[in-house]
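Okay, so here's the structure we're looking at.
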Amino acid sequence: MLDTSRLRVLAAVARTGSVTAAARELHYTQPAVSHHLARLEAETGAQLVQRIGRGIRLTPAGQLLADRAIEIVGRIEAASAELTAHVGLSAGSVRLAGFTSVLSTLVPTAAARLRLEHPGLRVSLTDTHPPEALGLLRAGLVDAALIFRYDQSVPEPDDIRLVHILDDPTYLLTRDGPTDLAGHRDSTWIAGCERCRTHLVDMCERAGFEPEISYVTDDMVLMQALVGAGLGVTTIPGLALRSHRLDNLVATELPNATRRIYAATYGQPPDPPATTALLATLAASA
């Protein structure tokens, strides 16, 4: 019989694309992940991973088993959730993944309220970007995921159910000068990674220019420090400003640039009582 812990490791490697990322997600050491993979190969008698330079990739056999592993892990987690539903809210746990600015503003209040209302219910949090949070949700590693969407965002798959939590405006962040995007066509810009900067670039293009990005960081505290030092301008969500704001900055709300925050769950309704209680608390706290 295959060991479910090792299947969980293989599923994480397939989902994250590397031993390092899988170890980080599972809170394992890299040698422990490699050990589990080696033992799984010994159990199956098949080569599951192939070394490529400093990394690895799944063999066809590895990908086949990884696909099944994701299903198995998801079913185990679903069974755990159903048991929690049977026991009720006097015990059990609920797991939430979300992005930094919502975890540092909305979630602590919601988690404290949930603990007050249901003292026996344990809440665990995972800080990660929305695509990764949805991956954890589909794999059964979390019960709900906080994500954001813009008007231009691609719709989520039909098996992802969304509950609207709040709207979060976007702000132009400057130290001085114009308070509109077009007025900064010649300014130096601070932006996130290629995936994270998509909305900023889209807004600038709609304003008639392509931003000159000289500083790249996903750390919104660092973004503010760079703007405060006069090194450039940026855009930043309202939740990030609620979490941390320097005094010498000018924040101007931008029109038609609101992102909508949703709590996502996976599979057919109804959700387990613990997840339902979490979603209700998030909405009330917003």
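Side chains included, hydrogens not; waters and symmetry mates left out as well; all remaining heavy atoms used. Note that the structure is a prediction, hence the values are computed from the model and not measured.
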L2 vs I72 side-chain heavy atoms within contact, under 4.5 Å: no
A side-chain contact here means heavy atoms from C-beta on lying under 4.5 Å apart; do Q224 and L173 qualify?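 They are in side-chain contact.
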Would you check if the side chain of [X] reaches a backbone N or O of [Y] as a donor-acceptor pair within less than 3.5 Å?
X: T170; Y: A257; value: yes
X: E41; Y: V49; value: yes
X: D167; Y: T258; value: no
X: D168; Y: G238; value: yes

What distance do [X] atom [atom1] and [Y] atom [atom2] have between them, rounded to the nearest 0.5 Å?
X: T235; Y: M223; atom1: OG1; atom2: CE; answer: 7.5 Å
X: L222; Y: Y215; atom1: CG; atom2: OH; answer: 10.5 Å
X: R8; Y: I70; atom1: CZ; atom2: CD1; answer: 12.0 Å
X: T59; Y: L64; atom1: OG1; atom2: CG; answer: 9.0 Å

Quick one: list whatever passes salt bridge (charged side-chain N to carboxylate O under 4.0 Å, His left out) with E43, sequence neighbours left out. R6
Does a side chain donor of either T179 or T252 reach within less than 3.5 Å of an acceptor in the other side chain? no
Just checking, R259 and F148: is the charged tip under 6.0 Å from the six-membered ring centre and within 45° of the axis? yes
Go through it in stages, so that I can follow the logic: the residues are L254 and D180, the test is side chain to side chain contact (heavy atoms under 4.5 Å, CB included), and I'd like the CA-CA distance, side-chain angles, deciding distance and then a yes or no. CA-CA 8 Å; L254 295 171; D180 64 308; over 6 Å; no
For H164, what residues pass the ring-ring contact (aromatic ring centres under 6.0 Å, His included) criterion, not counting sequence neighbours?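 Testing H164 for ring-ring contact (aromatic ring centres under 6.0 Å, His included), a comparison that skips the adjacent residues, returns Y262.
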Any chance the rings of Y28 and H36 have centres within less than 6.0 Å?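 Under 6.0 Å, so yes.
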Show every salt bridge (Lys or Arg N to Asp or Glu O under 4.0 Å) that has at least one partner inside residues 14-23, sequence neighbours left out.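 Qualifying pairs, neighbours excluded: R15-E25.
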